[in-house]
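Structure first, then comments.
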Amino acid sequence: MSIRVRFAPSPTGFLHIGGARTALFNWLYARHVGGHLILRIEDTDTARNTQAAVDVILHGLRWLGVNWDEGPLTSDATGPYKGDRGPYYQSQRQENYRLRVEALLARDMAYEHEGAVRFRMPREPIVVPDLIVGEVRRELTDREARDPDFVIVRSDGQPVFHLVNVIDDLEMGITHVIRGEDHLSNTPKHIALFRAFGVAPPVYAHIPLILNPDGSKMSKRDQGASLSTYLEEGYTPEAVVNYLCLLGWSPKDNREILPVREIIDRFDLSQILRHNARFDMAKLQWMNAEYMRAMNPDRFYELCVHALAKAGIDTNRFPLSYVKAALDTCHGKLKTFAELGGYAGFYFTDEISWDTEAAAKGFTAEGRDRLRRLRNAFGALPEFTALHLEACLKNLAGQLGVKVGALVHPARLACTGKTVGPSLYHLLEVLGRDKVFERVDRALAWNG
RNA sequence: GACCCUAUCGUCUAGUGGUUAGGACACCACCCUUUCACGGUGGCGGCCGGGGUUCGAAUCCCCGUAGGGUCGCCA
């Protein structure tokens, strides 16, 4: 029988990074075993469900490359879907739930109480066999010992999570439930429900959670908790996927950068660690830089243009060859695309401005004297190319008996307004003689 | 409060009775270098505590402690 796993998010308006990893692990497992990934939207809480909230999920998963074999194609609950076990929105499956509850009621496995329907929970402890955690025997808590039964249909007629989750898993033929460990304590309820419906429960695999850097629970408002953060701040999906995979799973061969194809080959549920992991933004950034560096120039260029547009810089105002040459000097220098605007913005502006403090430091009388000499030397150059510019600058430094840095720093500041940036010689060549001289002249005329 | 899970450098991890406890990120120093990065070399830094079992425990058991989760007419 084919393995069927599912990701069943509730549309809350954002996709938690932990949820993204759960989706990813489900996907990895499905692809590893050649099974199916089902996407099901748990939109039973009608109050906070909107199409926009579903779009956040669909968009996030697609960005990561987590594709599903069955599930909705759009954020419209009544819209098209693929798969023969639909609909895949719980709001469209109410009749199934009603029928199932009636069956439980008829067999006295559930009963009405104050308008709600309660399930008769077995009084004996239930053992949860878990692929990751092992066998978990859960005793009743003191509160449950007083009243083990639980509500499966609210008095307003709405079925609750435990019920619909189980019914859908059952009817969709889910064989493996891979979900966050926060569900582990609730699993006995689900197992009892499966048994009440006369079927064997699926195989469970509860994956550990992602915590904040300080070890506290990562909730909505915490820094980096939302997948959209990475999407918006210029991370590449490959890096995010790679990083997420290394939280709770390891290739065990000391490698960090692994193409997803290889992760699929080597991934298995039984090797997932049992303890929670803390989110380390610094490592993600490092990994993202690795992916950016290794990226082919065309894709780098494309993502750069997108990032610049988001930063309010319209590259269409400039010749294509100029934009490409400019961005080429940035390749391999950035950790995220979000840094690009600040790093390369000087290429795409007519008027650069200097920070007063930086200018006061760089454009001293001595600095300006050197800049003037550099301008003259550059002016005599037959070709305004990186090669010539470098030779020229170094030659002048030799004549003046100063370190090359003494010329490089004021020149960089004059032409870019920054103290850090791409290779000076290359950026000068890209900027071109006219712009360089114009900016140097303005710098020479600078007075606090 | 009860129940469940977990515990190796600051962080992510390798390790399944005998290792100088390995790697990566971060951090520090030096080298390279036009800045910043990259790269290179080196360094700092860990088995939560206490009892067992064993010739021998990071590894197995128990007890603490700490962190996380759950106990809803939320999902």
Side-chain angles (χ1 to χ4, degrees), chain A residues 8-12 42-45 47-49 90 113-118 125 128 130 132-134 136-148 150-162 164-165 180-189 206 208-211 213-218 243 246-257 273-287 289-290 293 330 332-335 339 343 386 389-390 393-394 397 403-409 411-413 416 418-428:
Chain A
S10 174
T12 57
E42 305 218 332
D43 58 342
T44 52
D45 184 0
R48 62 181 174 184
N49 292 328
Q90 287 186 331
H113 179 73
E114 293 187 5
V117 179
R118 309 186 82 223
V128 180
D130 190 286
I132 296 168
V133 190
V136 179
R137 180 193 162 91
R138 227 211 84 169
E139 306 286 342
L140 296 181
T141 66
D142 54 0
R143 183 178 182 133
E144 289 165 337
R146 265 175 260 136
D147 180 14
F150 61 94
V151 170
I152 53 176
V153 181
R154 302 195 297 230
S155 52
D156 66 1
Q158 283 302 306
V160 307
F161 163 75
H162 299 301
V164 298
N165 188 266
E181 198 200 76
D182 50 336
H183 288 292
L184 183 57
S185 292
N186 285 145
T187 304
K189 289 179 183 170
H206 287 91
L209 305 180
I210 298 178
L211 271 26
D214 68 357
S216 62
K217 182 185 180 179
M218 198 180 235
Y243 177 73
L246 260 31
L247 249 33
W249 178 84
S250 165
K252 301 183 191 295
D253 61 2
N254 286 342
R255 286 199 302 149
E256 309 287 328
I257 307 290
L273 270 341
R274 302 150 77 128
H275 60 262
N276 296 340
R278 301 183 190 204
F279 197 88
D280 184 358
M281 193 69 83
K283 184 155 182 178
L284 204 211
Q285 289 199 346
W286 163 79
M287 192 167 277
E290 292 290 307
R293 193 169 296 118
C330 303
K333 313 278 267 184
L334 306 164
K335 281 197 167 72
E339 297 168 0
Y343 194 80
L389 290 161
E390 177 171 2
L393 185 144
K394 284 183 172 168
K403 286 184 173 178
V404 284
L407 295 175
V408 166
H409 297 305
R412 173 185 299 286
L413 184 63
T416 72
K418 306 271 180 187
T419 54
V420 302
S423 159
L424 177 71
Y425 311 122
H426 292 87
L427 77 84
L428 291 177

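Reckoned from all heavy atoms, side chains included, excluding hydrogens, waters and symmetry mates. Naming convention: chains lettered A, B, ... in sequence-line order (proteins, then strands); numbering from 1 in each chain. Keep in mind that this is a model prediction, so the values were computed, not measured.
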Using the C1' atom on both, measure B/A66 against B/G50 and round to a whole Å.
-> 15 Å

Any-strand Watson-Crick or G-U partner of B/A66, both distances under 3.5 Å | B/U6

Remember a base hit wins even if backbone is also touched, and classify A/Y425 as base, sugar-phosphate or nothing at under 4.0 Å, heavy atoms.
-> base

Distance between the C1' atoms of B/G22 and B/C61, in whole angstroms?
-> 28 Å

With heavy atoms under 4.0 Å as the rule, sort A/R278 into base, sugar-phosphate or nothing.
-> sugar-phosphate

When you compare B/A26 with B/C12, how far apart are their C1' atoms, in angstrom units rounded to a whole number?
-> 11 Å

On RNA chain B, more 5' by nearest nucleotide between A/L284 and A/G115 is A/L284

First locate atom OH of A/Y243, then atom CH2 of A/W286, and finally report the distance between them rounded to the nearest 0.5 Å.
-> 11.0 Å

Which listed nucleotide (B/G68, B/C73, B/U13) is nearest to the side chain of A/L211?
-> B/G68

Whole-Å distance between B/C74 P and A/F150 CZ?
-> 14 Å

At under 4.0 Å between heavy atoms, what does A/H183 touch on the DNA or RNA strands: base, sugar-phosphate, or nothing?
-> base

Starting at atom CZ of A/R143, determine the distance to atom C1' of B/C73, rounded to an integer number of angstrom.
-> 12 Å

Please test A/M218 against A/L211 for side chain to side chain contact (heavy atoms under 4.5 Å, CB included), starting from the C-alpha separation and ending with a verdict.
-> CA-CA 5 Å; A/M218 198 180 235; A/L211 271 26; 5.7 Å; no

Compare the minimum distances between each of B/C12, B/G68, B/C71 and the side chain of A/K217, then state the nucleotide with the smallest one.
-> B/G68

Nearest-nucleotide 5' precedence on RNA chain B, A/Y243 against A/N254 = A/Y243

Euclidean distance, atom NZ of residue A/K189 to atom P of B/C74 [Å, nearest integer] | 12 Å

With sugar-phosphate meaning primed atoms plus P, OP1 and OP2, does A/G248 contact a base, only sugar-phosphate, or nothing at under 4.0 Å between heavy atoms?
-> sugar-phosphate

Can you check the A/Q285 CD to B/U11 P distance for me, whole Å?
-> 19 Å

Between protein and nucleic acid, restricted to nucleotides 4-9 of chain B and to nitrogen or oxygen atoms under 3.5 Å apart, what atom pairs and distances do you find?
| residue | atom | partner | partner atom | Å |
| --- | --- | --- | --- | --- |
| B/C5 | O2' | A/E181 | OE2 | 3.1 |
| B/U6 | OP1 | A/R274 | NE | 2.7 |
| B/U6 | OP1 | A/R274 | NH2 | 2.5 |

When all nucleic acid strands are considered with a 4.0 Å heavy-atom cut-off, which category describes A/S250: base, sugar-phosphate, or nothing?
-> sugar-phosphate

Between B/U35 atom P and A/L407 atom CG, what is the distance in whole Å?
-> 13 Å

Is A/L140 touching bases, backbone alone, or none of the nucleic acid, heavy atoms closer than 4.0 Å?
-> sugar-phosphate

Using atom C1' of each nucleotide, how far apart are B/G51 and B/U65 to the nearest Å?
-> 14 Å

Where the side chain of A/A282 is concerned, which of B/C25, B/G23, B/C71 is the nearest nucleotide?
-> B/C25

Out of A/T187, A/D182, A/I132, which one pairs with A/H206 under the side-chain contact (heavy atoms from CB on, under 4.5 Å) rule?
-> A/T187

Looking at A/K252, does any N or O in its side chain come under 4.0 Å of the phosphate oxygens OP1/OP2 on B/G15?
-> yes

Expressed as a whole number of Å, how far does the P atom of B/C74 sit from that of B/U70?
-> 16 Å

Is it the case that more than 12 heavy atoms not belonging to A/R143 sit under 6.0 Å from its CZ atom?
-> no

In whole angstroms, the gap separating C1' of B/A75 from CD of A/Q158 amounts to 13 Å

Indicate yes or no for a side-chain donor-acceptor contact from A/S10 to the backbone of A/T12 under 3.5 Å, with no hydrogens or angles considered.
-> no

Enter the distance from A/L393:CG to A/L407:CG here, rounded to the nearest 0.5 Å.
-> 4.5 Å

How many Å lie between CG on A/D147 and C1' on B/G72, as a whole number?
-> 12 Å

Does A/K189 make a cation-pi contact with A/F150 (under 6.0 Å, within 45 degrees of the axis)?
-> yes

Could you give all pairs that pass the salt bridge (charged side-chain N to carboxylate O under 4.0 Å, His left out) test and reach residues 275-286 of chain A, with sequence neighbours left out?
-> A/E256-A/K283

Over all atoms of both residues, closest heavy-atom pair of A/P213 and A/F279 = CG-O, 3.4 Å

Atom C1', compared across B/A58 and B/G43: separation rounded to whole Å = 24 Å

Output, in order, the C-alpha distance, side-chain angles, deciding distance and verdict of side chain to side chain contact (heavy atoms under 4.5 Å, CB included) for A/L209 and A/K217.
-> CA-CA 8 Å; A/L209 305 180; A/K217 182 185 180 179; 5.9 Å; no

Given that both distances must come in under 3.5 Å, which nucleotide forms a Watson-Crick or G-U wobble pair with B/A24?
-> B/U11

In whole Å, what separates the P atom of B/C60 from that of B/U16?
-> 11 Å

Distance below 4.0 Å between A/R154 side-chain N/O and B/C74 OP1 or OP2 | yes

Heavy-atom side-chain contact between A/R138 and A/L184 under 4.5 Å | no

Under a 3.5 Å limit for both distances, which nucleotide forms a Watson-Crick or G-U wobble pair with B/G1, could you say?
-> B/C71

Could you encode protein contacts along nucleotides 36-50 of chain B as a string, one character per nucleotide from 5' to 3', using B for base contact, S for sugar-phosphate-only contact and - for no contact, with a heavy-atom cut-off of under 4.0 Å?
-> B-S------------

Sugar-phosphate, base or nothing in reach of A/N186, heavy atoms under 4.0 Å | base

N/O donor-acceptor pair under 3.5 Å between A/R146 side chain and A/T141 backbone = no

Which base, if any, makes a Watson-Crick or G-U wobble pair with B/A58, both distances under 3.5 Å?
-> none

Among B/G68, B/U13, B/U34, the nucleotide that comes nearest once only the side chain of A/L424 is considered = B/U34

With no hydrogens and no angle check, is any side-chain donor or acceptor of A/D43 less than 3.5 Å from a backbone partner on A/Q90?
-> yes

Using atom CZ of A/F161 as one end and atom C1' of B/C71 as the other, report the distance to the nearest whole Å.
-> 15 Å

From the candidates B/C74, B/C25, B/U34, the one with an atom nearest any side-chain atom of A/K283 is B/C25

Closest to side chain of A/A116, choosing from B/C3, B/G68, B/C73 | B/C73

Pairing partner of B/C30 (Watson-Crick or G-U wobble, both distances under 3.5 Å) = B/G40

Sticking with atom P, work out how far B/C38 lies from B/U8, rounded to a whole angstrom.
-> 29 Å

Nearest-nucleotide pick for A/L209, side chain only, options being B/U11, B/G69, B/C71 | B/G69

With a 4.0 Å cut-off on heavy atoms, is A/E114 in touch with a base, just the backbone sugar-phosphate, or nothing at all?
-> base

